[in-house]
> 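Mind having a look at this structure? Questions to follow.
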Amino acid sequence: MEFDDDIDERSFDSESIDIDAVRRIIFDLLQAVGEDPEREGLKNTPDRVARMYTELLSGYNVEPEKIINGALFTINYDEMVLVRDIEFYSLCEHHMLPFIGRAHVAYLPAGTVIGLSKIPRIVDMYARRLQVQERMTRQIADLLQTTVQPHGVAVVVEAMHLCSMMRGVKKHDARMTTSAMHGSFRANLATRQEFLEMISRPRVSFL
Ligand SMILES: [Zn+2]
């Protein structure tokens with residue numbers, strides 16, 4: 001079943017980042033760590049980093065209404081809708097290092113469904129901020145619950161945290177799974193189990 005719609009990349013343009021200020025700060029940072037910001041390889045680094053942040057942190061400016069607008073459909077369908085393995089890239093707010101992984105999002109419609117492409121957009125909106133994984137998981141679930149108003153929402157996020165991997169902490173601590181459940185996924189064990197089974201199955205590949 002397909003409830004798709006257009007993807008509007010424009011809603012991810014970032015205007016709130018002060019690019020000049022970031023440039024200056026990265027220049028100072030390079031100096032502060034003992035580097036020469038004027039040397040060949042680093043000459044354009046402050047500019048590159050500043051532009052990079054406009055993309056990596058573009059999720060602050062996105063209005064959820066803009067993502068969801070026009071993408072809610074009334075439909076007589078009450079089986080679980082699942083979008084799994086949504087790849088995301090975020091930055092942990094403690095170290096500003098990446099955590100990367102996959103989100104699995106499911107809901108049980110109560111007369112309304114949301115365009116399929118919107119769910120990865122919602123994940124992206126929250127990922128492109130300084131985050132902690134637990135909050136990001138909760139935010140995705142909360143937004144779907146309040147906008148789609150389904151019988152329930154389930155979100156599981158699995159991620160690898162570079163701040164753990166790169167800093168000599170035990171490697172198995174680098175992988176983390178978080179979940180947020182609303183409504184029937186929280187109340188009904190069978191529903192929750194169906195969801196967890198579906199996301200643990202091997203992925204189907206079409207090519
Ligand atoms: Zn961290």
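Note that ligands are numbered from 1 as they come in the structure, with each ligand's atoms numbered from 1 the same way. Count residues from 1 along the sequence.
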> Indicate yes or no for a side-chain donor-acceptor contact from Arg186 to the backbone of Met181 under 3.5 Å, with no hydrogens or angles considered.
yes

> Report the protein N/O/S neighbours of the Zn ion (ligand 1) that fall below 2.8 Å; do not count waters.
Cys92 SG, His95 ND1, Cys163 SG

> In a check of side-chain hydrogen bond (donor to acceptor under 3.5 Å, both in side chains) between Glu158 and each of His104, Gln133, Arg175, Arg102, which one passes?
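Among the candidates, only His104 passes.
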
> Between Phe195 and Leu108, is any pair of side-chain heavy atoms under 4.5 Å apart?
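Contact flag for Phe195/Leu108 side chains = no.
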
> Where does the angle between the aromatic ring planes of Phe99 and His161 fall among parallel (under 30°), tilted (30 to 60°) and perpendicular (over 60°)?
parallel

> Set out, in order, the CA-CA distance, both residues' side-chain angles and the distance that settles side chain to side chain donor-acceptor pair (under 3.5 Å) for Ser90 and Gln131, then state yes or no.
CA-CA 7 Å; Ser90 190; Gln131 271 291 11; 5.9 Å; no

> As an exercise, state the distance from CG of Asn61 to CZ of Arg129, rounded to the nearest 0.5 Å.
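One finds 9.0 Å between CG of Asn61 and CZ of Arg129.
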
